Amino acid sequence: MTDEQEKSTVEPIRVGVLGARGRMGAEVCRAVDAAADMDLVAMVDQGDWLFNAADAGAEVVVDFTTPDVVMDNLQWCIDQGISAVVGTTGFTEQRLDQVRGWLERKPGVGVVIAPNFGIGAVLMMQFAARAARHFESVEIIEQHHPRKLDAPSGTATHTARLVAAARAEAGLGPTPDATKDEVAGARGAEIDGVRVHAVRATGLVAHQEVLFGTLGETLTIRHDSYDRVSFMPGVLLAVRAVRTRPGLTLGLDALLD
Ligand SMILES: NC(=O)c1ccc[n+]([C@@H]2O[C@H](COP(=O)([O-])OP(=O)(O)OC[C@H]3O[C@@H](n4cnc5c(N)ncnc54)[C@H](O)[C@@H]3O)[C@@H](O)[C@H]2O)c1
Ligand SMILES: O=C(O)C1=N[C@H](C(=O)O)CCC1
């Protein structure tokens, strides 16, 4: 049998998309449809029956919905024994623990949750975590389109946690800051001691800068997604991997190694 014949005998992955009419969901449907090793078997949005995905025999569900519905969707997928790739934001530690609890009851099921599927964004977070211990100061500036529902972004929150953990491990104290807020919010939000600023403007898609400072120098690590196609290689990578990774995988880092 030739390689080509052998390849054609491998069954395509049956994929369902939740949030299929949204900005990301629609792009995921196009990407899955175009992937030779995947079949798009269900497109579900608000008001549709979630069981459409199970009835269609979805093996992997991709969720790009909203923070207020994603937990119900995820619990349903796990209960059905369907692995899930989740890009929807809003995952606190408490929510992640809840997902781990559901997965314990379904040991064969895999879930990948990533705050950002852009390969460049994943690297930006890794570089920021690596730089963190060398700089006294750090602030995060995230910039997104104005139809985004949440602030700060999932990416900024995740970056802040990574940077804070690296600073703590290096024994760094709080960042120096003598400023007193004259107007509430002027210095941004604080996540694990790291200041995060959220900008919303028409024309933007998804962008982030991590600004580090120390004596006589600054370092800026910046990532820009100009188009939602930037997230698709990461989403497809996770769809291909998720069934072989039972339990919870956080972020794309382990899939890129
Ligand atoms: N991880 C990443 O790389 C990444 C990238 C972009 C966006 N996001 C996140 O993905 C989410 C979606 O972003 P978006 O810009 O596509 O938003 P969007 O508002 O364009 O799309 C959300 C879609 O979900 C649908 N929806 C709502 N409730 C639903 C339900 N119960 N079942 C099925 N569908 C339902 C809505 O009708 C809508 O079509 C947000 O949380 C956003 O922050 C993550
Ligand atoms: O457009 C959005 O919404 C995005 N959300 C994610 C986040 O909150 O980090 C990823 C970037 C795009």
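Because the structure is predicted, anything quoted here is derived from the model rather than measured.
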Look at E139 together with R195 and state whether they make a salt bridge at an N to O cut-off of under 4.0 Å.
no

Does D45 reach the main-chain N or O of R21 with its side chain, forming a donor-acceptor pair under 3.5 Å?
yes

May I ask you to check whether F117 and F231 place their ring centers less than 6.0 Å from one another?
no

Would you say the side-chain atoms of E142 pair up with the backbone N or O of S153, donor to acceptor, closer than 3.5 Å?
yes

If I compare all heavy atoms of A42 with all of A56, which pair ends up nearest, and what's the gap?
CB-CB, 4.2 Å

Let me confirm one number: the NE2-CG distance from H134 to L219, rounded to the nearest 0.5 Å.
10.0 Å

Give a yes or no answer on whether the side chain of R167 reaches the backbone of F135 with a donor-acceptor pair at less than 3.5 Å.
yes

Got a sec, which pairs hit side chain to side chain donor-acceptor pair (under 3.5 Å) with one end in residues 175-185, sequence neighbours left out?
D177-T179, D177-R187

Can D97 and R95 be counted as an ion pair, charged N to O under 4.0 angstrom?
no

Do any N or O atoms from the side chain of R243 and from the backbone of E59 form a donor-acceptor pair under 3.5 angstrom?
no

Residues clustered with L149, ILVMFWY side-chain links under 4.5 angstrom
none

Taking the side chain from H145 and the backbone from K148, do they hold a donor-acceptor pair closer than 3.5 Å?
yes

Around atom CZ of R23, are there more than 12 heavy atoms from other residues, nucleotides or ligands closer than 6.0 Å?
yes

Verify, without hydrogens or angle tests, whether R245 (side chain) and G110 (backbone) share a donor-acceptor contact under 3.5 angstrom.
no

Whether over 12 other heavy atoms sit under 6.0 Å from R130 CZ
no

Here the pair of heavy atoms bringing A58 nearest to I82 is O-CG1, 3.7 Å

Min side-chain heavy-atom separation M38-P12 under 4.5 Å:
no

Over 12 foreign heavy atoms within 6.0 Å of CD, E190
yes

